[in-house]
Amino acid sequence: MFIIIDNFQLSNDADLKSWIETVQPPSEILITSSKDVGFTNVYHLTGLSPEDFRKFIHQEAEMKDMDIDKLVTPHQLENIYTFTWGNPLAILLVLGLLKNKAYKNDMLILPPDEICLLFDILYTIAYKGLSREAKKLLDFFPLLAEKTSIEREALKEISDFEWECFHKCIVELSAWNLIYFDLEDRYYRLHPTLIQYLQDKETSTPIKLIAKTKNLIKERYIKYYLTLVETNIKRNYPNEDYWNCLVSPKMAVLDTRVSSILKAVEWAEQISSQHGNYLKLIKYLIHYLDSRFYNRSRMEFVKRAIGICEATGDWYLEALFKIDALGWTCVEENQLKLAEQNILAGCSILEAHSTDKPQARRVDLKALAQAWLARVKLEQYKKPEDEKLPIEDEKLLIEAEKLIEEALLYTGGRPWIQYRIYMVSGDISYRKQEFYQSLKYYKLAKNEINSYGGEGGNYQINPRLGLAYLSIGTERYLQEAENIFTALKQNHNILIGKLYGEFGLAMIDYKRGNRHETKKLVAKLEGEITKRSPDNLLLKLIKLYKSETLDKDEN
């Protein structure tokens with residue numbers, strides 16, 4: 001393991017420092033810091049050589065339409081090199097002073113004792129030279145730029161500037177070399193040393209005013225990302241709350257904004273007046289998180305959402321979260337007792353409100369709960385090699401079949417519920433090795449899901465269809481399976497589906513005799529999934545496959 005931690009001086013995490021000190025070879029951790037943070041084996045970095053400095057400052061000045069040789073004398077240029085220690089960032093800040101005529105003759109002669117002091121001097125000069133509006137905009141960054149960058153549209157909306165004023169401020173800050181743009185002019189970046197400077201400067205402001213301002217900014221931030229999420233997740237159909245946020249191609253817009261969205265979720269949970277928006281965000285994101293394999297985050301968010309539902313008396317949403325959002329995720333993460341507890345708790349809520357509206361949706365949810373409970377029983381059941389079932393396992397299989405039979409009697413007609421019931425029916429048949437029957441149910445499930453436009457390339461049902469085709473094993477069905485798994489693998493936005501696709505193709509390779517390549521693929525997949533979710537159902541399936549095929553081959 002090799003880890004790099006940049007700008008460690010900005011961290012106040014004592015536990016992180018303690019952990020770093022416990023790491024043993026051959027693992028290595030490389031830390032960069034602008035000041036001594038108490039570690040041994042320190043290597044002091046030097047600045048640019050005089051020759052490289054001259055090349056760098058001329059190149060950067062030319063990019064800003066500045067003629068450096070007309071702006072400073074050779075002696076002044078030498079002073080700039082001495083003062084900045086040849087540090088590229090400090091050189092850029094001096095260029096900002098020159099461009100804005102804030103550089104005075106020979107004002108920068110002797111370098112300060114510490115690099116941090118050097119940046120404080122340069123930032124103080126630049127900050128004093130800014131307009132009032134530019135200062136105000138810059139002051140937003142310490143809170144918003146968690147990773148030293150923020151999206152242009154988000155910064156504009158959260159700062160509440162008009163576009164013309166916002167643009168002028170951005171141009172001004174850029175001229176001082178205080179902010180940088182990505183190649184698409186989509187993100188604005190600040191160097192961590194400037195973030196630290198602004199945070200230190202903030203301490204001179206009264207604490208009450210800081211807290212009030214921060215809450216206002218956080219609320220705007222939550223509103224911006226809530227709107228972004230809603231716009232790109234809500235579907236026209238299904239036309240039912242929670243289910244109208246099933247996985248769709250539009251969700252891909254959120255993939256590059258995940259860290260910012262999760263920050264909005266975190267703040268919405270922390271601010272009591274934003275709890276309503278927290279619930280909205282969780283409803284919108286619940287299926288997205290599943291498709292992107294953020295199962296742990298999904299479970300934590302839902303647990304907090306359930307607490308808010310309990311406090312506000314939203315019994316239906318509480319039951320929905322317990323049965324589907326938390327119950328199903330616990331099944332996927334092989335936390336079967338917890339899954340059963342949550343699903344049954346959700347059912348108890350439904351029973352307690354059996355006469356309340358919405359009646360039809362309550363019936364839906366009860367049927368779905370039975371399907372998920374059947375899935376729990378199925379995961380608890382283990383089929384022995386000698387085909388003779390222990391009594392307890394036989395009971396589990398009988399209970400699973402009974403639960404799914406009751407769920408199949410459901411006649412509500414909502415295809416997003418019926419789809420999930422058929423899917424579990426197919427899972428039970430598949431586990432009983434009744435592969436043609438499982439194929440029948442999976443096809444019925446696919447008919448239901450396609451009636452409302454699918455869910456993310458059908459990343460949940462297509463792997464099951466592929467496995468059923470694979471298990472039947474004729475060449476025709478192997479080809480069907482290969483087509484399905486290839487399509488899953490190529491859908492890069494849906495990580496869990498992509499991993500199923502890679503696993504399915506590895507199994508097909510094995511069936512066709514390419515066993516050496518299969519072993520490599522399976523080992524790679526196992527490592528990748530373990531990093532994210534050590535108890536996931538796919539990992540469980542891979543381990544079972546290894547024990548039944550690859551390990552036996554070796555023996």
Side-chain angles (χ1 to χ4, degrees), residues 7 10-12 89 92-93 96 100 119-120 122-182 184-229 254 256-271 273-274 277-278 281:
N7 295 293
L10 301 180
S11 171
N12 297 315
L89 175 60
L92 287 173
L93 291 170
N100 290 279
F119 288 124
D120 278 351
L122 293 172
Y123 287 139
T124 300
I125 297 169
Y127 193 84
K128 285 180 179 177
L130 293 174
S131 67
R132 184 175 62 85
E133 291 79 9
K135 286 178 183 177
K136 183 180 175 184
L137 186 63
L138 191 62
D139 287 343
F140 279 96
F141 274 89
L143 183 66
L144 299 178
E146 288 289 315
K147 295 185 178 177
T148 72
S149 68
I150 185 168
E151 202 172 0
R152 180 170 64 97
E153 297 281 343
L155 179 61
K156 188 268 170 191
E157 291 300 318
I158 295 160
S159 63
D160 203 29
F161 279 36
E162 295 296 330
W163 271 115
E164 185 178 354
C165 180
F166 179 77
H167 177 68
K168 284 180 180 177
C169 292
I170 291 297
V171 170
E172 185 179 348
L173 293 169
S174 177
W176 285 92
N177 276 336
L178 293 173
I179 66 171
Y180 307 91
F181 314 116
D182 70 348
E184 298 175 354
D185 193 24
R186 183 178 146 200
Y187 281 89
Y188 298 139
R189 295 178 54 247
L190 263 67
H191 194 274
T193 53
L194 178 52
I195 296 285
Q196 185 65 54
Y197 171 80
L198 294 169
Q199 287 173 338
D200 293 343
K201 184 181 69 63
E202 186 185 71
T203 57
S204 61
T205 308
I207 293 173
K208 285 186 178 178
L209 184 59
I210 290 174
K212 185 177 179 181
T213 304
K214 280 187 174 180
N215 271 349
L216 177 62
I217 294 169
K218 287 178 179 180
E219 286 170 9
R220 288 181 187 165
Y221 186 98
I222 292 162
K223 182 181 176 183
Y224 173 80
Y225 282 104
L226 176 60
T227 302
L228 179 78
V229 167
L254 307 181
T256 57
R257 299 169 169 89
V258 170
S259 59
S260 299
I261 291 167
L262 296 186
K263 176 56 66 177
V265 171
E266 178 187 331
W267 282 344
E269 194 267 333
Q270 290 172 356
I271 303 170
S273 64
Q274 294 296 306
N277 286 333
Y278 180 81
L281 279 165

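Just so it is clear, the model here is predicted, and its values are computed rather than measured.
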Is the Y188 to Y180 ring centre distance short of 6.0 Å? no
Atom [atom1] of [X] and atom [atom2] of [Y]: how far apart are they, to the nearest 0.5 Å?
| X | Y | atom1 | atom2 | result |
| --- | --- | --- | --- | --- |
| L254 | S260 | CG | OG | 11.0 Å |
| K136 | L130 | NZ | CG | 14.5 Å |
| T256 | R186 | OG1 | CZ | 3.5 Å |
| L198 | L194 | CG | CG | 4.5 Å |
| T193 | L93 | OG1 | CG | 7.0 Å |
| L190 | Q196 | CG | CD | 12.5 Å |

Side chain to side chain, [X] and [Y], heavy atoms closer than 4.5 Å:
| X | Y | answer |
| --- | --- | --- |
| I150 | Y187 | no |
| Y224 | E153 | yes |
| Q274 | K218 | no |

I'd like a table of donor-acceptor pairs (distance under 3.5 Å, sequence neighbours excluded) in which one partner is a side-chain atom from residues 165-178, with atom names and distances.
from, atom 1, to, atom 2, distance (Å)
E172, OE1, S131, OG, 2.8
E172, OE2, S131, N, 2.7
E172, OE2, S131, OG, 3.4
W176, NE1, N100, OD1, 3.4
N177, OD1, K64, NZ, 3.2
N177, ND2, L92, O, 2.6

Given F141 and L155, is the side-chain contact (heavy atoms from CB on, under 4.5 Å) satisfied, shown in steps? CA-CA 9 Å; F141 274 89; L155 179 61; 3.6 Å; yes
Would you mind telling me which of R189, R257, K156 makes a salt bridge (charged side-chain N to carboxylate O under 4.0 Å, His left out) with E151? R257
Taking side chain to side chain donor-acceptor pair (under 3.5 Å) as the test, write out the residues that go with E219, two or more places apart. none
With Y127 via side chain to side chain donor-acceptor pair (under 3.5 Å) - residues at least two apart: D139, K201
So which atom in A264 and which in I222 form the shortest heavy-atom distance, rounded to 0.1 Å? O-CG1, 3.7 Å
So which atom in L281 and which in A268 form the shortest heavy-atom distance, rounded to 0.1 Å? CD1-CB, 4.2 Å
Which word best sums up how the rings of Y197 and Y123 line up, parallel for under 30°, tilted for 30 to 60°, or perpendicular for over 60°? tilted
Pairing residues for E162 by the salt bridge (Lys or Arg N to Asp or Glu O under 4.0 Å) criterion, not counting sequence neighbours: none
Can you name the salt bridge (Lys or Arg N to Asp or Glu O under 4.0 Å) partners of E133, sequence neighbours left out? none
ring-ring contact (aromatic ring centres under 6.0 Å, His included) filter on Y225, not counting sequence neighbours, yields Y221
